[in-house]
Amino acid sequence: MIDLAQLRKNPDDFRQAWRARGVSADVDALLALDEQVRALKHQSESLQAEVNAASKAIGQAARTGQDVGAAKEKARQLGDQAKALDEQRGILEQQLGALILTLPNPCLAAVPVGKDSSENTVATTWGEPPTFAFRPKPHWDLGPALDIMDFDRATKLSGSGFVVLKGQGARLSRALISWFLDEHTTSHGYTELAVPLLVQPQAMLGTGQLPKFADQSYACREDDLWLIPTAEVPVTNYHGGEILDAEALPLKYTAHTPCFRREAGAAGLGTRGMTRVHQFDKVEIVWLTAPERSDADLMTLRGHAERLLQQLGLHYRVLELCTGDTGFSSAHTYDLEVWSPGTDSWLEVSSCSTLSDFQARRANLRYR
RNA sequence: GGAAAGGUGGCAGAGCGGCUGAAUGCGUCGGUUUCGAAAACCGAUAGUGCCGCAAGGCACUCGGGGGUUCGAAUCCCCCCCUUUCCGCCA
């Protein structure tokens, strides 16, 4: 979430940033609400200070045997006034809190302004597209033909949007996961985490999945637990509420998890086969780092992701997302897309973002 | 799921409803001493928000939330977590 103190100081910066994202946010209403809350808080605190002083005096007077009846009554009235103000403030504060959680992270000033994915720019391209003497099949044909992917039986188990990997297909997936983790831990200095796949709402809130994407997430309502849509949720919230030692930064974590996404409304174009499914495996890399190194660290992290594609010899390109296509929590995003000869298209395989202080605030994650 | 015990500052561990935002010990930081260090001694050491140029002040925080009271770490209610025992365990 954004820093209200910053909003107070530079409201125009935020107006501009949200406009660039194509988000309509009523900055004036936000500021007015904030002002009211602060004023009420100030008033009730002054009253409370009086009450506290009066209480102290009553205690001392009572010990010397003086009559304190009138003083008690006075203190009670002041206390009631303070309580009334606090109640008002509570209501407004709740409104403000709910509102601020729905506002996306402003993009960094350097991010190209654009309305949607059509205005993303290609930062780099690596390798060459492979050539074939025949027409390569898309994976939804090739996989079943090789008996390494089974979409039909997956549907029998779980409905549309799932896949069963079989034989060498399952083994290939397992090998990639294992190799990714090994590369990140041994070559790039990451610490591997094996994390829960079910998390409490606070964790989903901390990384920005809630409240906005509640309808895109799976939940076990009975236990108030959510299935993670990405390892980013447990990994980032791992240190939630903590004050980290600045000397210890950056903290670099990697984790493999299945990811669960409802993908409501996504059925249709570009969703065939396992291109977009309700459950998939992902190896995540996360840095917790200081603001001043954030930009440089994003490039390093992106390099680590790219390195894997290079070692696999995959032809890929890096997109710099424009403001209109950058995700809710992100301030700056590069997408890595691999060339898919079978579908004659680029497929997103990785997304590298800086979240600035957005998630840190939501997750109450600090350093000093 | 049932029962019992417990959750206090970086850690350990006190805490008659007011003089306790918190004794004491350890740790940490600064100083004295020393050629240097250790030891000893002296002093300082929670967080957040708000006001203030600053010095400083005010409010809130003793697992979380309510309540009683002029006043709650301390009394009452609800919840969460930890430990132990019992039960269950596709």
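Every chain is numbered from 1, with letters handed out A, B, ... down the list of sequences.
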A.B. asks: Mapping Q200(A) and E50(A) onto RNA chain B by nearest heavy atom, which one lands closer to the 5' end?
C.D. replies: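 By nearest-heavy-atom nucleotide position, the 5'-most residue is E50(A).
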
A.B. asks: Taking the C1' atom of each, how far is A4(B) from A90(B), in whole Å?
C.D. replies: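 After rounding to an integer number of Å, I get 30 Å for this pair.
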
A.B. asks: Quick check for you: among C70(B), G49(B), G47(B), whose closest atom lies nearest to any side-chain atom of R366(A)?
C.D. replies: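 In terms of side-chain proximity for R366(A), the closest of C70(B), G49(B), G47(B) is G47(B).
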
A.B. asks: Give me the distance, rounded to whole Å, that separates U28(B) from C11(B) when you measure between the C1' atoms they each carry.
C.D. replies: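 Approximately 11 Å lies between the C1' atom of U28(B) and that of C11(B).
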
A.B. asks: Whether the side chain of E45(A) and the base of G49(B) hold a donor-acceptor pair under 3.5 Å is what I'd like checked.
C.D. replies: yes

A.B. asks: If we take the P atom in both C50(B) and U45(B), what is their distance in whole Å?
C.D. replies: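 About 23 Å, rounded to a whole number of Å.
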
A.B. asks: Please give the distance between the C1' atoms of G71(B) and C85(B) as a whole number of Å.
C.D. replies: 41 Å

A.B. asks: Can we call the ring centroids of H184(A) and Y253(A) under 6.0 Å apart?
C.D. replies: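 No, the ring of H184(A) stays outside the 6.0 Å limit from the ring of Y253(A), centre to centre.
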
A.B. asks: Between S330(A) and N105(A), is any pair of side-chain heavy atoms under 4.5 Å apart?
C.D. replies: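 Answer no - side chains too far apart.
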
A.B. asks: Show your reasoning for whether salt bridge (Lys or Arg N to Asp or Glu O under 4.0 Å) applies to E119(A) and K115(A).
C.D. replies: CA-CA 7 Å; E119(A) 297 190 56; K115(A) 64 177 189 310; 3.4 Å; yes

A.B. asks: Please confirm whether the ring centroid of F162(A) lies under 6.0 Å from the ring centroid of F151(A).
C.D. replies: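 No.
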
A.B. asks: Where does RNA chain B pair, written as one dot-bracket string 5' to 3', with Watson-Crick or G-U pairs under 3.5 Å, ( ) inside the strand, [ ] for crossing pairs and | for another strand?
C.D. replies: ((((((((.[[[..)..(.....]]]((((((.......))))))((((((....)))))).[[[[[..)....]]]]])))))))....

A.B. asks: Please state the P separation for the pair G18(B) and A72(B) - nearest whole angstrom.
C.D. replies: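 To the nearest whole Å, 11 Å.
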
A.B. asks: Quick check for you: among C70(B), C51(B), U68(B), whose closest atom lies nearest to any side-chain atom of V51(A)?
C.D. replies: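 Among the listed nucleotides, the one closest to the side chain of V51(A) is C70(B).
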
A.B. asks: Looking at G49(B), C50(B), C70(B), which one has an atom nearest to any side-chain atom of R8(A)?
C.D. replies: C50(B)

A.B. asks: Go through C58(B), C50(B), G49(B) for me and flag the one nearest to the R38(A) side chain.
C.D. replies: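 Nearest to the side-chain atoms of R38(A), counting from C-beta on, is C50(B).
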
A.B. asks: Is the distance from OP1 or OP2 of C60(B) to the nearest side-chain N or O of Q48(A) less than 4.0 Å?
C.D. replies: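 Yes, because at least one side-chain N or O of Q48(A) sits under 4.0 Å from OP1 or OP2 of C60(B).
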
A.B. asks: If the P atom of A44(B) is compared with that of G56(B), how far apart are they to the nearest Å?
C.D. replies: 14 Å

A.B. asks: Of the options C70(B), U68(B), G49(B), whose atoms approach the side-chain atoms of I58(A) most closely?
C.D. replies: C70(B)

A.B. asks: Ignoring hydrogens and geometry beyond distance, is a side-chain donor-acceptor pair present between Q48(A) and N52(A) at under 3.5 Å?
C.D. replies: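 Result is yes, a qualifying pair exists.
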
A.B. asks: Nearest whole Å is fine: how far is U69(B) C1' from K83(A) NZ?
C.D. replies: 10 Å

A.B. asks: Tell me whether R15(A) is salt-bridged to D28(A), with the criterion being a basic N under 4.0 Å from an acidic carboxylate O.
C.D. replies: yes

A.B. asks: Any chance the rings of H278(A) and F280(A) have centres within less than 6.0 Å?
C.D. replies: no

A.B. asks: Are any of N52(A)'s side-chain N or O atoms less than 4.0 Å away from OP1 or OP2 of G71(B)?
C.D. replies: no

A.B. asks: Please classify the nucleic acid contact of K41(A) as base, sugar-phosphate, or nothing, using heavy-atom distances under 4.0 Å.
C.D. replies: sugar-phosphate

